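As the structure is a computational prediction, the values presented were derived from the model and not from experiment.
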Amino acid sequence: MIIGIWNQKNEGGIWEYNSQEETVKSLDFALHPYAVTYMKLVNISGKKLIYAVDEKVVDENGKVGGNILVYDFDKKILMQIQKTNVTLPCYLDVIEKYNILMGVNYGCDINDEQTDSELTIYKINSSGLIKKKETWKYENEFTATHFHSVVFVKTFDCIVVSDIGNGLLHVLRYENETVHYIYSVNVKKYGNIKPRYLVCNENDQCIYVSDEASWYTYIYKFQNGKLKYFAREHLLNEETDEKIASKQSDICINESFNKLYVCSRTGRFISTFDIKKDGVLERVQIFHIDGAPRNIAIDYNKKQCYVSCTKDNKVLIFNLDTCGLFQELKGIIKIDAPAPIII
């Protein structure tokens, strides 16, 4: 198991957990203070590569920026450090169909300069190395954008970007090696929604949206080829104090059991939903844990779930029952500021 560490101390970077010895060790480049917020394991030309987001670094001139890291999983070597200039990256995804990596950079005030959110497209060569090709920004003079995640919807051949700042889902298409803007969906019609993470169901008909500002998970569905609001489901119950944001973080689908897991950092619990045929969610479990969950990863072979609790400096390991529901705590991995996990 690979764990990304989200801090700027010397123990940051990417670490490997040995389940047999129950130990963690830093990989060869983890001695550098990388702040890893997201990772994805991809097979390129028969090689297992990890693409990782290094959110925040300070260069030799005191400039703040970020990197995309390319790491050879089998050889355990760092292949590339791709700077993202002055914007700070937070998420990425790979479209193997087009051999591109999509990097999401959020807008913020750094070095006394306000930067805009960007979707950066990198071309992936046959070795897995990346080269910056273009960037896309949402032009809006009224509200600062804050992109946070991106998902590729294979069935409809489109890209969807979450924009916390504007409360929008931007729908794009990649054609002729260029990103084209199609339309935006205003999610704020249904409250002060701050769309954080996105995940598609098995047939790509629905996108599930974790909301940073409420206790609801929202369902957007492709109807006649266009993304529209469909329904929402509460993480707890309708009586929950809406003045307290749930701070939803990761959202994950267990494909074996057709379950959706949604983390609440504020509530320190994970809600499990059944995904019905039409994409509707039915809550079947509220599982409280000893920590603020940030990221989830599923080990389908062992029927276990790994939950990183960044602020609590640990990863919790839970068994899953035959229906995909959380059971007893199996173990604890103690490590500073864990964030993304790859099984």
Side-chain angles (χ1 to χ4, degrees), residues 1-18 23-61 63-106 118-135 149-152 159 174 177 179 295 297 306 308 335-343:
M1 180 178 70
I2 304 298
I3 305 171
I5 305 302
W6 186 62
N7 62 24
Q8 285 82 41
K9 298 179 181 179
N10 285 336
E11 63 269 21
I14 297 178
W15 291 58
E16 187 172 25
Y17 173 69
N18 187 316
T23 58
V24 289
K25 65 176 182 179
S26 63
L27 300 181
D28 59 345
F29 66 95
L31 297 179
H32 187 85
Y34 297 116
V36 177
T37 59
Y38 189 77
M39 301 184 296
K40 190 175 182 71
L41 181 64
V42 181
N43 193 308
I44 302 290
S45 302
K47 295 190 298 185
K48 291 182 180 179
L49 302 180
I50 293 177
Y51 294 98
V53 172
D54 174 20
E55 182 186 37
K56 188 176 181 181
V57 293
V58 180
D59 66 16
E60 60 275 8
N61 299 316
K63 290 284 188 179
V64 179
N67 299 310
I68 302 295
L69 310 174
V70 183
Y71 180 74
D72 188 313
F73 178 79
D74 293 320
K75 293 183 179 180
K76 302 290 190 294
I77 58 171
L78 180 64
M79 297 171 56
Q80 184 181 9
I81 301 175
Q82 173 67 52
K83 292 183 181 293
T84 60
N85 300 322
V86 296
T87 56
L88 302 185
C90 58
Y91 199 85
L92 62 81
D93 198 5
V94 172
I95 306 180
E96 297 182 42
K97 175 181 178 180
Y98 298 118
N99 291 320
I100 61 172
L101 181 146
M102 304 178 292
V104 175
N105 307 318
Y106 64 88
E118 296 177 341
L119 176 69
T120 305
I121 303 298
Y122 301 89
K123 197 68 178 176
I124 304 174
N125 69 16
S126 58
S127 299
L129 301 179
I130 61 175
K131 183 178 181 180
K132 185 176 178 180
K133 190 176 185 301
E134 65 172 315
T135 59
S149 61
V150 61
V151 65
F152 176 60
I159 299 165
Y174 188 76
E177 299 195 351
V179 170
N295 293 89
Y306 295 80
S308 66
I335 185 169
D336 286 346
I341 300 172
I342 292 177
I343 303 298

So, taking the atom named [atom1] in [X] and the one named [atom2] in [Y], what distance separates them when rounded to the nearest 0.5 Å?
X	Y	atom1	atom2	value
Asp93	Tyr91	CG	OH	6.0 Å
Leu41	Tyr51	CG	OH	10.5 Å
Met1	Ile341	CE	CD1	5.5 Å
Lys133	Ile121	NZ	CD1	8.5 Å
Asn125	Ile44	CG	CD1	9.0 Å
Ile124	Glu96	CD1	CD	8.0 Å

So, for [X] and [Y], which heavy atoms are closest and what is the spacing to 0.1 Å?
X	Y	value
Gly66	Leu88	N-CD2, 4.4 Å
Ala52	Ile14	CB-CD1, 4.0 Å
Ile342	Met39	CD1-CB, 3.6 Å
Glu177	Glu134	O-OE2, 3.6 Å
Tyr71	Ile77	CD1-O, 3.1 Å
Ile100	Lys123	CG2-CD, 4.0 Å

Are any non-hydrogen side-chain atoms of [X] and [Y] less than 4.5 angstrom apart?
X	Y	value
Ser308	Ile3	no
Asp336	Trp15	no
Ile68	Val53	yes

message: For Lys40, run the side-chain contact (heavy atoms from CB on, under 4.5 Å) check against Ile50, Leu101, Leu92 and tell me which one passes.
response: Leu92
- request: List the steps, then state whether side chain to side chain contact (heavy atoms under 4.5 Å, CB included) holds for Leu49 with Asp72.
  value: CA-CA 5 Å; Leu49 302 180; Asp72 188 313; 4.3 Å; yes
- prompt: Hey, mind stepping through Thr135 and Leu119 against side chain to side chain contact (heavy atoms under 4.5 Å, CB included) and telling me if it holds?
  reply: CA-CA 6 Å; Thr135 59; Leu119 176 69; over 6 Å; no
- prompt: Are the side chain of Asp54 and the backbone N or O of Ala35 linked by a donor-acceptor pair below 3.5 Å?
  reply: yes
- prompt: Does Lys75 make a cation-pi contact with Phe73, if we ask for NZ or CZ under 6.0 Å from the ring centre and within 45° of the axis?
  reply: no
field: Verdict with supporting geometry, Leu69 and Ile81, side chain to side chain contact (heavy atoms under 4.5 Å, CB included)
entry: CA-CA 5 Å; Leu69 310 174; Ile81 301 175; 4.1 Å; yes
query: Given Phe152 and Tyr98, is the side chain to side chain contact (heavy atoms under 4.5 Å, CB included) satisfied, shown in steps?
result: CA-CA 11 Å; Phe152 176 60; Tyr98 298 118; 4.2 Å; yes
